[in-house]
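Numbers restart at 1 for each chain; the letters A, B, ... are given by sequence-line order, proteins then strands. Below, all heavy atoms of this structure are taken into account, side chains as well, without hydrogens, waters or symmetry copies. For clarity, every value in this text was computed on a predicted model and none was experimentally measured.
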There are 2 protein chains.
Amino acid sequence: MQQFIEICRDHELKITPQRVAIYQALIQANQHPTADMMFRLVKEDFPHIAFDTVNRTLLTFADIGVVDVVEVFGGPKRFDPNIDGHHHLHCTACGKIIDFKNDRCTDLEVPASITEMFKVISKRVVLKGLCADCAIEQ
Amino acid sequence: MQQFIEICRDHELKITPQRVAIYQALIQANQHPTADMMFRLVKEDFPHIAFDTVNRTLLTFADIGVVDVVEVFGGPKRFDPNIDGHHHLHCTACGKIIDFKNDRCTDLEVPASITEMFKVISKRVVLKGLCADCAIEQ
DNA sequence: GTGATTGCAAACCTTTTGCACGCCA
DNA sequence: TGGCGTGCAAAAGGTTTGCAATCAC
């Protein structure tokens, strides 16, 4: 939380009760929430908040690196409070996104032929398939 | 094209002029088009086609494996006529998606701890950053 | 002929925008 | 106090749905 306040100060953002509430909900959220999911979550502790505030705050947080906007295959944006280097499994049946850590993926070197023509900021391995629950049903 | 007809037959889909036109536009498209971009493109040869037909056909094509729906970070769905194993660069400034091939990425082994709990269908390395054009402007 | 497909329009959902009011610094 | 941030409402953009007419088989 102290860290969050510092990041806001660094970016000259005011510390408002709404931003604090959204940040707290975010670090509790575990399922790569959409803006709407975050809105419902924050509203429990902050009933008067507007959806619009939640959405704009999440975008602001993405700008300053507090959250990550993750890759999706259509549908609403999804946010990831986990900004450590990690990778994703996407279940094509239920839409769940599962984080995983793996050194072989994280240490994968981007070839020089790419870095010469493209300034790489982030790197992620994305796997599509079926999660355990959905694999059983099929 | 013969190949396309066979795939349709395999999936019991009728060969309609619309589907043929959309398929032809697709193999010419090079920039991971959205449904709307495809609609404009197809309309040149097929002025009377409805946006809806293009969109639904693309989703059907995705179902049968003729196109791939690619990962995006919000915004409209984007389709990829290139279904060979390859990887993506996403320019965060202009939104361009650039394909690249790289054996080290393609040969990356998914650890058994993942495949045991998740049925992997596809694998892709996704890099975010700045393309050459946008890197100059910054 | 029959059922899949198309075109059209409306509905739906998500995201964006403009503006007046309120609050943090 | 000044200007950023919020809440509200409307608009915009993309996708989905239902239905009648049409077309491929």
*Walk along DNA chain C from 5' to 3' and tell me the first and last nucleotide with an atom closer than 4.0 Å to a non-hydrogen atom of chain B.*
C:dG3 to C:dC8
Please tabulate the protein-to-nucleotide N/O contacts below 3.5 Å involving nucleotides 11-15 of chain D, giving atom names and distances.
| from | atom 1 | to | atom 2 | distance (Å) |
| --- | --- | --- | --- | --- |
| D:dT15 | OP1 | B:Lys77 | N | 2.9 |

*Rounded to the nearest 0.5 Å, how far does NE2 of A:His88 lie from CG of A:Asn82?*
7.0 Å
*Among all residues two or more places apart in sequence or in another chain, which pass the side chain to side chain donor-acceptor pair (under 3.5 Å) test with B:Arg78?*
none
*asked:* So, using side chain to side chain donor-acceptor pair (under 3.5 Å) as the criterion, who are the partners of A:Arg40 when residues are at least two apart?
replied: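 In terms of side chain to side chain donor-acceptor pair (under 3.5 Å), with neighbours along the sequence ignored, A:Arg40 is linked to A:Asp36.
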*Please name all residues satisfying ring-ring contact (aromatic ring centres under 6.0 Å, His included) with A:Phe118, sequence neighbours left out, ordered by chain then number.*
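Per chain and number, A:Phe118 pairs via ring-ring contact (aromatic ring centres under 6.0 Å, His included) with no residue.
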*Kindly state each residue pair satisfying side chain to side chain donor-acceptor pair (under 3.5 Å) with at least one member in residues 17-30 of chain A, sequence neighbours excluded.*
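Those involving residues 17-30 of chain A do not exist here.
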*asked:* Side-chain heavy atoms under 4.5 Å apart, restricted to Ile/Leu/Val/Met/Phe/Trp/Tyr: what other residues fall into the cluster of B:Met37, or is it alone?
replied: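 Hydrophobic cluster check, B:Met37: no partners found.
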*Listed by chain and number, what are the side chain to side chain contact (heavy atoms under 4.5 Å, CB included) partners of B:Glu109, not counting sequence neighbours?*
A:Arg104
_Once ring-ring contact (aromatic ring centres under 6.0 Å, His included) is applied, what residue pairs with a partner in residues 58-77 of chain B remain, sequence neighbours excluded?_
B:Phe4-B:Phe61, B:Phe73-B:His90
_Residue list, salt bridge (Lys or Arg N to Asp or Glu O under 4.0 Å) with A:Asp63, at least two apart or on another chain_ =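 Not a single residue meets the salt bridge (Lys or Arg N to Asp or Glu O under 4.0 Å) criterion with A:Asp63.
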_Set of residues satisfying salt bridge (Lys or Arg N to Asp or Glu O under 4.0 Å) with respect to A:Asp99, sequence neighbours excluded_ = none
What nitrogen or oxygen pairs link the protein and nucleotides 18-24 of chain D at under 3.5 Å?
| from | atom 1 | to | atom 2 | distance (Å) |
| --- | --- | --- | --- | --- |
| D:dA24 | O3' | B:Ile15 | O | 3.4 |

